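This report refers to the structure that appears directly beneath it.
These numbers were taken from a predicted model, which means no experiment stands behind them. Throughout, residue positions are numbered sequentially from 1 according to the sequence presented. Quick note: numbers below take in every heavy atom, side chains included, and nothing from hydrogens, waters or symmetry partners.
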Amino acid sequence: MKFKYIYALLTLVLALYFVPAVAQTKHKGKKPAAKTAAKKPAPKPPAKKTAKAAQQKSSTSLGDAVAKAAADTTKKGKGNDAIQGNLSEEIVVTTAYKPVLADAVKIRRNPDLEDKTPFKAPLVYIPIDKRLELNTSIKPLDAMKRPAEQDSVPTNNYVKVGLGSLKTTYGEAYFANGRDNALQVGGYLKHFAQNGNLYKQNSAKEEAGIFGKSIGELNNISGRITYDYNSNYFYGFSQFNPPVTTRDDKQHFSTIGAEGELAKNYRDIENDFTYALKLKGYIFSNTYQARESNLVLSGFFNQTIKQFYAGLAASLDLSTQKDSGYSYNNSLIKLNPYIKFQGDNYKIDAGVNIVDQFGFNSAFYIFPSARAELQVIPKYVRIFVEAKGDVNKTSLHDFAMANPFIGQNIDIKNSVDQLDIAAGIKGTLAPGFGFKFTVFRNEIKNMPLFVSDFNLATGYNRFKVIYDGGRSRVNGLNGELDYKASEDVDVFARIEFKDYQMATVAEPWNLPKLVFKGGTVFKIDNKISISGTVTYRGGVMDPSPLTVGTVTRPISIDAFVDLSGAVDYKINNRFSVFVHINNILNANSQRWLYYPDYGFNIFGGVGYTF
C-alpha cells in the first residue's frame, strides 16, 4: 500500500513542478546561466526516525531531483519557452515542494475492493412484565381509609332519664347490636308521665319494642314487635257550671302489634323485576269492652321495561271490632294495577284503585289513581297534578290516638274519598332550601267528626263520633318549607288551610281551618344543640249548647299558640344533659272541649351512651 501512495505522490510532483518550471525558464542569448548560491537552511535538531520522518525525507529528495532535472532541461533549451524563443532570463528553483492538505483532495483514490461484511449479532429481546407509566402527569393518590375520630365513633346504646315540674317523669332507652351490614337487632323503651294542676289531670305513655333486619344476597327480611300503653282520666267539665257528680274514671288504651316484611334488594340493572310482601297486625283494647283486631297482608310486584314500569299493588285488610253494643267484621280488598312512565323531565303514573268492602257492610268501588309530574326548571322546579280515590276504614285504634277522651260504642262507618284532585309545585330554590305547595279539592262521603256527648247531670264527659252522611267538599292549601343552611342549622315550616262545605251537618265540628307549625334546630360547637317549635291552631266549634241570654248556640274554642324549646349539652363522648320547656307562653289552650292542656312545664335530665 505504501508503494502505491509513493508512486501517486511522485507522479503529482513531477506534473506540478516539471511543467511550470519549463514554462517559466527564460534565456537571453547564449549567456551562461548564472549560478546563484542558495542559502543553507538553519540546522535542525535531530528528530526521531519514524515512518513520517522517512516519508518527508523521501519527498525532499524527490523535489531536489525534479528541480535538478528542470535545470538541466533549461540549459539544453528543450523547454516550451525555448521552443517558442521568448525566454529572456533563467530562473532556478532551489526550494523543494511541500504539498498541503488542501491539495490532497485532488488525489484520486481507488475504491477499496476488499470484502468487509460487518458482523451483526442476532437480536434477542425479552418483554418486561410491567406496565410502563408516563411520569409527565401527576399520579392520582390512592384512597386511604380515614381513621375514625373519637367523637364520631358510633355507639350502640343510650339511656335517658329526667324529672321536672308537674311531677313529670321521663325515661328512654335504646339498644342495638352495632354496625353490621347483614344483621340489625335492637329494642327500645319509652316512658312519659305528667300530672296537671286540675283534679285527675294525669296522663302517661309507655312504649316498648324489639326489631330486627337481615339482608341477604337477593332479599331482605325485617320485622318488629311493639307494645303501647296510654292512660288518662276523664277530668274535663265546665269550670263555670260544674256538675254535681263527676265520672272521672281512668281510661287506658293497650296495643300489641307485630309486622314482618320480605323485599327484594335494589339492583341497578335494566328491566329489573322487583317485589315486596308485608304482613302486619295488632290487637287493641281499652278499659271498657272495646276490642279491635286487625290483620293486613299487602304487597306489590313491578316489572321495569326501558322507560316504563308495569305492576300491581294489592292488600287484604281484615278487622273485627267489638264493644258492648256491637260486634262487626269490617274488611277490605284493594287492587291497584298501574303503569308508570318516567323520563328525564317527566313522570306519569296511570292506574285504577279497585276496592271491595265486605263484612257488616258490602260495597264495590273503582277509583282513578293517576299522577303526573313535569320538570319546568331542570333540577329545581317541578309541577304536578293528581287524581285519586279510596275507602278509609274506620279504626277504633286511630280514633283513640286522635282523641283519648272518646266514650263507648263508637259508631263504625267507613268514609269514602270519592275524588281527590290536587295540583302543586315543588322543588329546590337553593342548595338545602326545599319547598312544596299544593292546592286541593276533596270530595268525601261519611266524613267522621268528633263531637261532645256530655251529660252534666250524670257527670258523663265523653266524646262520640258522628258522620256527615252526604258528600262533603274540602278545598285547601298545603305549604312546606325546609331550609338546611348547614349541618348545624335547620329551619322548617308547615301550613295547612282548609275550607269545609258540609253536606248534612252545620259545622266541621272540632276541625280547625288553619294549622301552622314551624321550628328550628341550631348546633353550637358540636356541644350544644338548641331546638324550638311553635304551633298555631285556629278556632273550632263544638255542638255542645251554650245559652247566652235567650240565645243558644254552639260553643267556640279559641285559637291558641304553643311555644316549646329544648337545649341539649354534650359533656363528653358518654354523658349529656338536656332541658325541655313546654307551653312557654302558659296559654290556657284546649284541643277538646273542657279538657285544657297542661300549662307551663319544664323537665330535664341526663343521658348516657355506650
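- Geometrically, K340 engages Y338 in a cation-pi contact, judged by NZ or CZ lying under 6.0 Å from the ring centre and within 45° of the ring axis.
- Geometrically, K160 engages F578 in a cation-pi contact, judged by NZ or CZ lying under 6.0 Å from the ring centre and within 45° of the ring axis.
- A donor-acceptor contact shorter than 3.5 Å links the side chain of E292 to the backbone of H397.
- Side chain of Q251 to main chain of T287: a donor-acceptor pair is present (N/O by atom type, distance under 3.5 Å, no hydrogens or angles).
- The neighbour count for K334 NZ, taken as heavy atoms of other residues, nucleotides or ligands under 6.0 Å away, is above 12.
- Counting non-hydrogen atoms of other residues, nucleotides and ligands closer than 6.0 Å to OH of Y460 gives a total above 12.
- Here the options are F454, F234, F450, the test is ring-ring contact (aromatic ring centres under 6.0 Å, His included), and the partner is F463; only F454 passes.
- Figure legend: cation-pi geometry between R371 and F384, with NZ or CZ positioned under 6.0 Å from the six-membered ring centre and within 45° of its axis.
- Classification of the Y227-Y229 ring pair by plane angle, with boundaries at 30° and 60°, yields parallel.
- Between N414 and K393, the shortest heavy-atom contact is OD1-CA, 3.3 Å.
- Within 6.0 Å of atom NZ in K388, 12 or fewer heavy atoms from other residues, nucleotides or ligands are found, so the atom counts as exposed in its surroundings.
- Once rounded to the nearest 0.5 Å, the distance linking CE of M541 with CZ of R553 reads 7.0 Å.
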